[in-house]
Structure formats: structure tokens, C-alpha cells
Amino acid sequence: MEAKMSVGVYGMGRFGSFWAKELAKHGFSVVGYGRSAKTAPEGVRLGSEDEVLACSVLFFCVSISSFSEVLDRTSSRIADTTVVMDTCSVKLYPAKQMREKLPKQVQCIATHPMFGPDSGKNGVQGLPLVISAVRCEDSTLQFWVEEFKRWNLQVLQMSCDQHDREAAWSQGITHFIGRTLSELSLGDTELATTGYKTLLTVMQQTCNDPLQLFYDLQRYNPYARQMRMGLKGALDTVMDALKKQEEGR
Ligand SMILES: O=C(O)C(=O)C[C@]1(C(=O)O)C=C[C@@H](O)C=C1
């Protein structure tokens, strides 16, 4: 029987634990490392930082804002033969960090599984995953594209720029609205409509993620500011239209 490929997951937070478990479910030999990880997810073994960095494939599951510093600390200990992938929710920034900070021989790929422990709790099939070559052989990228297709993910190959542009106006706007709604302390009510319940779900789901993810999504996606300004402008347009109605114009 073919030996299982060793996969390291660096960062065992909310997403890292979930991702490590998914990889294990799909037949990889998974070792996880997290500064304060105490229990290993099903099918996963916890190991030392060096052990994880020595795996054939290494997924970084750390916050966007810590990625640069994590690479500074670890890149000299990553083997030339290791394939490195990030899983950050923005793509231009981590791709640049990998290109600049990983040794030139190390192959690297940018990925964004567009799901997490909430959206993937009943299985990941049908959910989208964005993948983009940063510096790798075609066959390496193809291997992972095929692997994720086997998981029945909807694999989307696109540039990091296209990802960030589109994600600002989909995931970015969702988290912005969710966090904004939570400022209003909205609650359940007997007369809740289906639409209102959907709104509450948006608020709850986005606020279930670490606050740092929200700040990082808004700060490190170069298109997020434009999205926020667009939203503010749209709010003003609707307010003005209502004002005109009231004034009978
Ligand atoms: O399913 C979850 O737990 C998530 O929060 C997933 C979610 C999101 O829905 O925005 C959060 C971060 C990832 O970048 C992708 C998706």
C-alpha cells in the first residue's frame, strides 16, 4: 500500500482544527501544531513545531495579520521539498509574503477554502475553494486541484487579485453587515419574518468568527475600503430617496 502523504497544519485554532480533521478524513497523515493546542481533532496527531514544518505538505492556518511574522520565524526551517499553502481569507497579501519570505526552492500555493466549521459542519461537498499558484510546478497545482475536486469541492482557479476583488463584495460585505447589525443588539421576536431570521443568521454566523478575522478581512483586502464606501454611498442614496418622498418632491 502507498504510504500516506504527511501533511502538517500550522495553527490549530477554529479553522486549523477543522481543516486538519478534513485532511485526515480524506486519507492524509496529519500532524497539527498550535501554540496552545491541547487536544487533537479526530484523526489528527499533535506534534512539535519542527515536526509540522518538516512535513511534505504544510498548510498555514494562522490569522492574516500574524502570517508575515510566522513566516519570519519558520521559513528557514521549512525543507526545500515541502509544498506550502496558506488558507487566509484574503489572497494578494499572503501570496506576496510567501513569494518574498519562503526560500526560492520551496513551492507555494495560495488557497482559500470559502467555508469553515459553521458552514462545513454537515460536510464540505459543493462548497467553493479558491486556489492560485504562487510559485510551483504545474503538476503540483494540478495534484491539489484534483485532490480537492475529489472532496467534491467546487474548485475555483483564479488570480489572487480576482479573488480579493470578488471576495470584498461577497464575504467582506457579509462580515461588515453582520458586525454592523450586532452593534444594534437585535434580538429574536415572536413576529420575526423569514427575512429577519436570515438577517439574524448573518449576524450570528459572522460574529461567531474571531473579531481579528473581521479586522483582517477589512484591512488586508485592498478592495475592502471601496466596498465599505460603496455601502455608505448606497445608504445615503436610499436615505435621500426617502427624504424626497417625505418632502413630496
Ligand atoms: O463556516 C464558518 O465557520 C465561517 O465562518 C466561514 C467563513 C465565512 O462564512 O465567512 C469565514 C472565514 C473563511 O474565510 C471562509 C468562510
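Numbering of ligands and ligand atoms starts at 1, following listing order.
- Taking the six-membered ring wherever Trp is involved, the centroid distance between the rings of Trp151 and Phe115 does not fall below 6.0 Å.
- Between Glu69 and Arg73 there is a salt bridge, with a side-chain nitrogen of the basic residue lying less than 4.0 Å from a carboxylate oxygen of the acidic one.
- Protein residues with a heavy atom under 4.0 Å from ligand 1 are Arg14, Ser89, His112, Pro113, Met114, Phe115, Gly116, Pro117, Asp118, Ser119, Gln171, His175, Asp209, Leu213.
- Legend: salt bridge (Lys or Arg N to Asp or Glu O under 4.0 Å) pairs involving residues 102-131, not counting sequence neighbours, sorted by first then second residue: Arg14-Asp118.
- By the 4.5 Å heavy-atom criterion applied to side chains, Thr82 and Leu53 are not counted as neighbours.
- Using a 4.0 Å cut-off between a side-chain N of Lys or Arg and a carboxylate O of Asp or Glu, Asp161 and Arg165 qualify as a salt bridge.
- Between Lys243 and Glu246 there is no salt bridge, since no side-chain nitrogen of the basic residue lies less than 4.0 Å from a carboxylate oxygen of the acidic one.
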